[in-house]
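Reviewing the structure listed below.
Basis for what follows: all heavy atoms, side chains included, without hydrogens, waters or symmetry-related copies. On a predicted model such as this, the values are computed, not experimentally measured, just so you know. Atoms within a ligand are numbered from 1 in the order they appear, just like the ligands themselves.
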Amino acid sequence: MRAVLMGNPNVGKSVIFNRLTGVKVVVSNYPGTTIEYTEGIMRVGEVKLKIVDAPGTYSLIPSNRAEEVALHLLLKKETHLIINVVDVTNLERNLYLTLQMREINIPMILNLNMIDVARRQGIEIDFNLLRMLLEVPIVPTVAVSGEGIKELHQVIKQIVENTEKKCR
Ligand SMILES: Nc1nc2c(ncn2[C@@H]2O[C@H](COP(=O)(O)OP(=O)(O)O)[C@@H](O)[C@H]2O)c(=O)[nH]1
Ligand SMILES: [Mg+2]
C-alpha cells in the first residue's frame, strides 16, 4: 500500500513525512528528470505503508516539471491514500488543490498544519464546517512540535484497515 503526501510548497510536508516514517528513506530522481522525491515506510499494524513525499504543487494542472512529477506520483495506480498537507494560515489558496484532489477517487486526509501559527495570528478555523463541506477526515497538526501526529497516525490506520478489507 502506498500513501502520497501532497500539498503546496512550504506547508510542512517534509516535516510530516519525517514524523511518519522511520530512518530508512530513499531519495530518488523521478525517471527522466532532475526532480527529487523521497520515499519511506510507515508501519501501520501489520501493514508496511509506503509514504511518498511529493514535490510541492499548487494545482493538478502542472505548470512546471516539479508539479508534473507530483501529479505522476499521485496518479500511479497503487496510490491508496492522499495525505493533503495544507498551511492552515493560507487556507483559501491551499484548498484549491484540495478541491481538485477530492474529484479523484482516492481516499484523502486533510492535514491542517501550522496550527501554532494560526493560533498566534488569531485565525480561528471551524473544523466541523470544513469536515462537512469537504467530506474528508480532518487532522490539525503542528508538524514541528509533533502535536496531532498521533491523531494523524490513527486516521491513517483506519483508512489502511478499511482499504485492506476491501482488497481481500
Ligand atoms: N511554525 C511551524 N512551522 C512549521 C510547521 N510545519 C513545518 N514548519 C516549517 O515550515 C517550513 C517548511 O516545511 P517543509 O516540511 O520543508 O515544507 P514542504 O515544502 O511542504 O516540504 C520549515 O521551516 C518547517 O520547519 C508547523 O506546524 N508550524
Ligand atoms: Mg519538502
[X] neighbourhood, listing ligand 1 atoms whose heavy-atom distance to it stays under 4.0 Å:
X    : result
V11  : 17 (O), 18 (P), 20 (O)
V142 : 27 (O)
K13  : 15 (O), 17 (O), 18 (P), 19 (O), 20 (O), 21 (O)

In the protein, which heavy atom is nearest to [atom], and how far is it?
atom                    : value
atom 13 (O) of ligand 1 : G12 CA, 3.6 Å
atom 10 (O) of ligand 1 : M114 CE, 3.5 Å
atom 19 (O) of ligand 1 : N10 N, 2.8 Å
atom 16 (O) of ligand 1 : S14 CB, 4.2 Å
atom 25 (O) of ligand 1 : V144 CG1, 3.5 Å
atom 6 (N) of ligand 1  : N113 ND2, 3.0 Å
atom 24 (C) of ligand 1 : V15 CG2, 4.0 Å

Does F127 have more than 12 heavy atoms from other residues, nucleotides or ligands lying within 6.0 Å of its CZ?
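Counting other residues, nucleotides and ligands, CZ of F127 exceeds 12 neighbours.
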Counting only heavy atoms not in E78, do more than 12 sit closer than 6.0 Å to its CD atom?
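Yes.
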Are a donor atom and an acceptor atom from the side chains of T33 and R65 found within less than 3.5 Å of each other?
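Side chains of T33 and R65: no pair found under 3.5 Å.
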Which residues and atoms, protein N, O or S only, are under 2.8 Å from the Mg ion (ligand 2)?
S14 OG
Does the pair K157/E161 count as a salt bridge with the N-to-O cut at 4.0 Å?
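Result for this pair is yes, salt bridge flagged.
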Tell me, do L130 and I125 make a side-chain contact under 4.5 Å, heavy atoms counted?
yes
Find out whether T57 and L97 are in side-chain contact, i.e. whether some heavy atom of one side chain is under 4.5 Å from a heavy atom of the other.
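Result yes, sub-4.5 Å side-chain heavy-atom pair found.
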Would you say [X]'s side chain and [Y]'s backbone share a donor-acceptor pair under 3.5 angstrom?
X    : Y    : value
S59  : I61  : yes
N90  : R93  : no
N84  : M6   : yes
D116 : V142 : no
H80  : R2   : yes
N111 : I83  : no

Counting only heavy atoms, which portion of D116 has something under 4.0 Å from ligand 1: side chain, backbone, both, or neither?
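Side chain only; the backbone of D116 stays clear of ligand 1.
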For ligand 1, indicate whether the residue V117 contacts it via side chain, backbone, both or neither (heavy-atom separation under 4.0 Å).
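V117 to ligand 1: side-chain contact only, backbone stays beyond 4.0 Å.
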Does atom 22 (C) of ligand 1 have a protein heavy-atom neighbour under 4.0 Å away?
no
